[in-house]
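Only heavy atoms go into these numbers, but all of them, side chains included; no hydrogens, no water, no symmetry mates. Counting convention: from 1, in listed order, for ligands and their atoms alike. Residue indices begin at 1 and follow the sequence shown. On a predicted model such as this, the values are computed, not experimentally measured, just so you know.
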Amino acid sequence: MATLAGASLARAASEEDAPEMKVNAATAAEIAKLPRVKQTLVEPPFMPEHEQAASGGPRIIEVTLPIIEKKMQIDDEGTEIWALTFGGSVPGPMIVAHEGDYVEVTLQNLATNMMEHNIDFHSATGALGGGAITKVLPGEQVVMRWKATKPGVFVYHCAPGDVMIPYHVLHGMSGAVMVLPRDGLKDAQGKPFKYDRAYFIGEQDYYIPRDETGAYKKYEVAGEDMADSLDVMRTLTPTHEVFNGKVGALTGEGAMKAKVGETVLFVHAQATRDTRPHLIGGHGDLVWEAGSFNDKPDTNLETWLIRGGSAGAMTYTFQQPGVYAYVNHNLIEAVLLGATAHVVVEGDWNDDLMVQVQKPGPIQTT
Ligand code: CU
């Protein structure tokens with residue numbers, strides 16, 4: 001970065017009226033010299049392989065994001081949605097960069113799709129977050145590049161315009177970006193901080209239309225539910241509120257895993273609706289509630305708020321084994337609508353922290 005910043009500073013200094021905001025702007029020739037690396041995106045809750053502290057200077061990170069319209073089951077009762085997805089999953093895959101990197105996105109709208117799509121990166125700078133320069137019809141691809149100037153976690157989503165914006169996002173079209181500081185995360189004291197594992201939880205509200213009998217309706221093709229589902233959306237009352245696309249997706253076989261003593265980073269995104277994550281039996285040791293890694297994290301939170309349209313990050317070092325429920329602590333949404341995940345933690349129990357002193361038995365009077 002020294003070379004790039006130095007060159008840009010020298011250029012600005014020679015132009016006294018250069019606007020301050022231009023100081024760090026690299027030229028096309030400078031950007032062209034940057035090393036390129038392909039990032040292989042993976043299905044959430046996993047994150048792509050990444051360094052926590054960057055070992056080198058800024059790079060151009062190439063990612064390919066196919067848009068796939070597909071029928072998905074969103075619970076075990078057979079409820080379906082024609083989901084609109086980035087990468088085939090709800091949420092779309094996490095992209096990881098470091099501050100100062102460039103992210104070059106090849107957005108592919110598969111020829112088998114029905115609709116026009118685009119992408120708005122909350123992490124990017126420029127009107128519509130890239131939405132205006134990424135519109136693609138079925139069978140087309142577009143390449144756009146944005147510079148990671150703000151460290152933190154951010155939502156990305158489709159935003160094709162008008163009613164298509166809520167329609168697409170509420171059918172699954174969002175994901176997240178993590179821009180790490182070049183030297184990695186810092187704890188509340190400003191000391192370098194590392195995590196042992198990282199998970200991405202994308203929370204999704206669905207609005208599934210019902211027929212006269214109250215049963216969830218099924219449709220033959222993507223988009224056929226348009227009028228019906230917009231009507232349900234107007235009630236602002238979701239029929240499902242789920243983590244990673246489906247009720248129970250992150251429980252059982254899909255549960256997240258950790259070991260006692262491990263520090264786990266959880267990134268939680270919700271593209272449209274407020275949510276309040278809570279790790280039952282644990283805490284938010286460090287919480288970047290609004291997602292900016294330039295801010296000092298809060299410590300020891302019991303529950304934190306993820307504003308609709310944002311992502312937040314939390315780390316916890318597990319102290320005890322067991323099955324931890326990670327929930328949206330609106331417990332109606334957690335238990336009745338689906339917003340519950342599990343973290344299965346292996347290790348030794350610590351009686352000092354919690355113990356059953358007496359087994360259940362008849363009430364004793366003294
Ligand atoms: Cu779309």
Side-chain angles (χ1 to χ4, degrees), residues 41 43-44 63-74 80-95 103-124 126-146 154-177 200 202-209 219-234 238-242 244-246 269-273 308-311:
L41 302 181
E43 187 169 334
V63 298
T64 299
L65 207 46
I67 293 164
I68 305 167
E69 300 170 359
K70 61 190 273 197
K71 190 156 74 176
M72 285 176 49
Q73 278 210 4
I74 60 166
E80 294 174 358
I81 190 167
W82 273 92
L84 309 177
T85 74
F86 289 109
S89 61
V90 176
M94 170 71 73
I95 298 168
V103 178
E104 193 169 287
V105 184
T106 301
L107 189 67
Q108 298 176 329
N109 190 347
L110 299 195
T112 45
N113 292 342
M114 308 284 287
M115 296 173 223
E116 182 183 62
H117 300 280
N118 68 353
I119 193 163
D120 165 359
F121 283 102
H122 290 192
S123 49
L128 303 181
I133 58 169
T134 53
K135 287 195 170 184
V136 272
L137 292 167
E140 292 183 333
Q141 72 168 41
V142 67
V143 183
M144 70 91 81
R145 187 185 72 218
W146 56 271
F154 302 87
V155 162
Y156 65 78
H157 62 91
C158 189
D162 199 34
V163 297
M164 287 307 224
I165 301 171
Y167 181 82
H168 284 224
V169 176
L170 277 311
H171 281 66
M173 268 194 116
S174 70
V177 169
F200 169 34
E203 186 168 342
Q204 175 76 46
D205 40 331
Y206 289 124
Y207 301 79
I208 309 298
Y219 298 88
E220 293 300 314
V221 290
E224 194 190 348
D225 69 343
M226 179 89 63
D228 293 347
S229 71
L230 288 174
D231 281 346
V232 185
M233 285 177 204
R234 284 189 182 92
T239 55
H240 299 74
E241 182 80 29
V242 305
N244 293 37
K246 182 183 175 195
Q270 221 302 6
T272 58
R273 202 163 176 275
S310 77

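Excluding waters, the set of protein N/O/S atoms under 2.8 Å from the Cu ion (ligand 1) reads H117 ND1, C158 SG, H168 ND1, M173 SD.
Between M226 and Y167 there is a side-chain heavy-atom pair separated by less than 4.5 Å.
Relative ring orientation between H157 and H122 is described as perpendicular, the plane-to-plane angle rising above 60° on a 0-90° scale split at 30° and 60°.
Note that SG of C158 and CZ of F86 are 5.0 Å apart. Values are rounded to the nearest 0.5 Å. The structure places CG of L128 at 9.0 Å from OG1 of T134, a figure rounded to the nearest 0.5 Å.
For the residue pair H117 and E69, a side-chain donor N or O sits within less than 3.5 Å of a side-chain acceptor on the partner.
If you look at W146 and F121, their ring centroids are closer than 6.0 Å.
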